[in-house]
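The sequence lines fix the lettering, A, B, ..., with proteins before strands; numbering per chain opens at 1.
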Number of protein chains: 2
Amino acid sequence: MIAMAPARTEPDLSFLLDHTSHVLRTRMAAALAEIGLTARMHCVLVHALEEERTQIQLAELGDMDKTTMVVTVDALEQAGLAERRPSSTDRRARVIVVTEKGAEVARRSQEIVDGVHRSALDALSGEDGEALIRIMTRLAEGQLATPAEAPQTARRARQRAK
Amino acid sequence: MIAMAPARTEPDLSFLLDHTSHVLRTRMAAALAEIGLTARMHCVLVHALEEERTQIQLAELGDMDKTTMVVTVDALEQAGLAERRPSSTDRRARVIVVTEKGAEVARRSQEIVDGVHRSALDALSGEDGEALIRIMTRLAEGQLATPAEAPQTARRARQRAK
DNA sequence: TATTGTTATACTCTATAACTATA
DNA sequence: TATAGTTATAGAGTATAACAATA
């Protein structure tokens with residue numbers, strides 16, 4: 001379950017956003033799974049290719065927790081797509097280096113991502129597609145830029161481990 | 001973590017949808033939490049008010065599992081907003097009846113929902129707001145109507161309980 | 001003292017399985 | 001046999017805590 005169904009017959013922005021983002025995410029996951037990637041692995045590969053970056057930097061770019069990044073980098077290493085190397089400037093940090101195979105996979109995964117996006121917009125006229133991107137960008141940068149803090153189910157402080 | 005960050009500098013539909021839907025969902029959750037509701041509780045209240053409906057029917061409308069519906073109805077009952085009544089036509093089924101207090105809360109929660117939506121669209125011109133709803137509706141009904149099956153991490157069949 | 005990366009694990013969410021009572 | 005609702009709990013995802021190495 002993801003979407004809150006329309007509460008009334010009138011169009012419901014929550015439903016529209018939840019539904020479309022959920023569907024697009026499952027499509028993307030299915031498409032990337034065919035070459036053994038998750039969306040996160042793709043995201044890390046692409047950003048690591050752009051320039052030399054540490055795990056923390058990649059985590060921030062992908063809006064992940066650093067512990068999630070550990071798991072993602074583990075997966076990339078096991079698949080032979082990237083390697084951890086000590087940073088030359090900070091001996092605490094590890095730089096993620098994409099292998100040749102990783103670069104090739106990243107090229108293909110970017111094609112897959114672009115293809116999924118294109119097919120999603122296919123049904124729209126070029127005009128509407130452009131308008132959608134333009135308006136959504138404005139929303140994402142403006143009114144819907146930052147989440148509310150989550151008061152819903154404030155996670156309780158963890159018990160001290162023994 | 002929800003969103004896949006933009007893989008390139010060019011606009012990325014996945015990022016836009018994930019980000020905006022995530023932000024809107026946290027806002028909605030925070031706003032509804034102020035009157036003690038979750039989005040699901042609101043959704044069930046509103047649909048139960050429309051006409052006499054069983055838990056299964058409400059679950060389908062809200063795209064929830066029936067076990068999730070049990071939890072949601074439990075919460076509504078504990079808050080005194082709804083009650084389970086035996087269906088007059090099917091002795092297996094329970095009809096969800098909204099209490100007077102529940103109806104009043106539903107009226108307020110619908111105002112809250114509408115308010116959050118309005119404020120999200122505030123920054124846009126009326127024209128853009130309408131275009132967004134129109135185009136998103138077309139996407140949701142057309143190209144992005146149905147999710148791909150999840151092959152990503154096919155959940156393994158559960159072990160038989162002892 | 002603060003930060004990077006790591007491990008371990010607690011917490012939440014959701015769905016599966018099995019059950020009871022009906023149909 | 002199939003379905004409505006329930007309980008119990010497994011599985012997945014994620015984030016917190018604590019730690020070692022280093023800044």
Got a list of protein N/O to nucleotides 20-23 of chain D N/O distances below 3.5 Å?
from: D:dA23; atom 1: OP1; to: A:Arg91; atom 2: N; distance (Å): 2.9

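- The side chain of B:Arg40 approaches C:dC13 more closely than any other nucleotide in the set C:dT7, C:dC13, D:dG5.
- Minimum heavy-atom separation, A:Ala148 to B:Thr26: N-OG1, 3.1 Å.
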Show your working on side-chain contact (heavy atoms from CB on, under 4.5 Å) between A:Ile135 and B:Met136 and close with a plain yes or no. CA-CA 11 Å; A:Ile135 299 171; B:Met136 292 281 297; over 6 Å; no
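- For A:Glu104 and A:Lys101, the salt-bridge test fails: no basic side-chain N is under 4.0 Å from an acidic carboxylate O.
- Rounded to whole angstrom, the span from the CD atom of A:Glu60 across to the C1' atom of C:dT4 amounts to 12 Å.
- When each of C:dA8, D:dT6, C:dT4 is scored by its nearest atom to the side-chain atoms of A:Lys66, the top-ranked nucleotide is C:dT4.
- Distance from the side chain of A:Ala93 is smallest to C:dT4 among C:dT4, D:dA15, C:dT14.
- Residues B:Val98 and B:Leu45 come closest through the heavy atom pair CG2-O, 3.8 Å.
- Per the geometry, CZ belonging to B:Arg53 stands 17 Å off C1' belonging to D:dA4, to the nearest Å.
- Looking at B:Glu111 and B:Arg108, no side-chain N of the basic residue comes within less than 4.0 Å of a carboxylate O on the acidic one, giving no salt bridge.
- A donor-acceptor pair shorter than 3.5 Å can be found between the side chains of A:Asp114 and A:Gln110.
- The distance from atom CD of B:Glu52 to atom C1' of D:dA4 is 15 Å, rounded to the nearest whole Å.
- Under the rule for a side chain to side chain donor-acceptor pair (under 3.5 Å), the partners of A:Arg134 that lie at least two apart in sequence or sit in another chain are B:Asp128.
- In this structure, B:Asp65 atom CG and D:dT9 atom P are separated by 18 Å, rounded to whole Å.
- Considering OG1 of B:Thr68 and NZ of B:Lys66, their distance stands at 11.5 Å, rounded to 0.5 Å.
- Remark: the B:Thr54 side chain and the D:dA4 base include no donor-acceptor N/O pair separated by less than 3.5 Å.
- A heavy-atom distance below 4.0 Å to DNA chain C is reached by these residues of residues 69-85 of chain A, ordered by number: A:Val70, A:Arg84.
- Annotation: the span from B:Ile133 atom CD1 to B:Leu124 atom CG amounts to 9.5 Å, rounded to 0.5 Å.
- Rounded to whole Å, atom C1' of D:dT3 lies 15 Å from atom CZ of B:Arg94.
- Atom C1' of nucleotide D:dT7 and atom CD of B:Gln55 are separated by 13 Å, given to the nearest angstrom.
- In this entry the distance linking CD1 of A:Ile56 with P of C:dT3 reads 10 Å, nearest Å.
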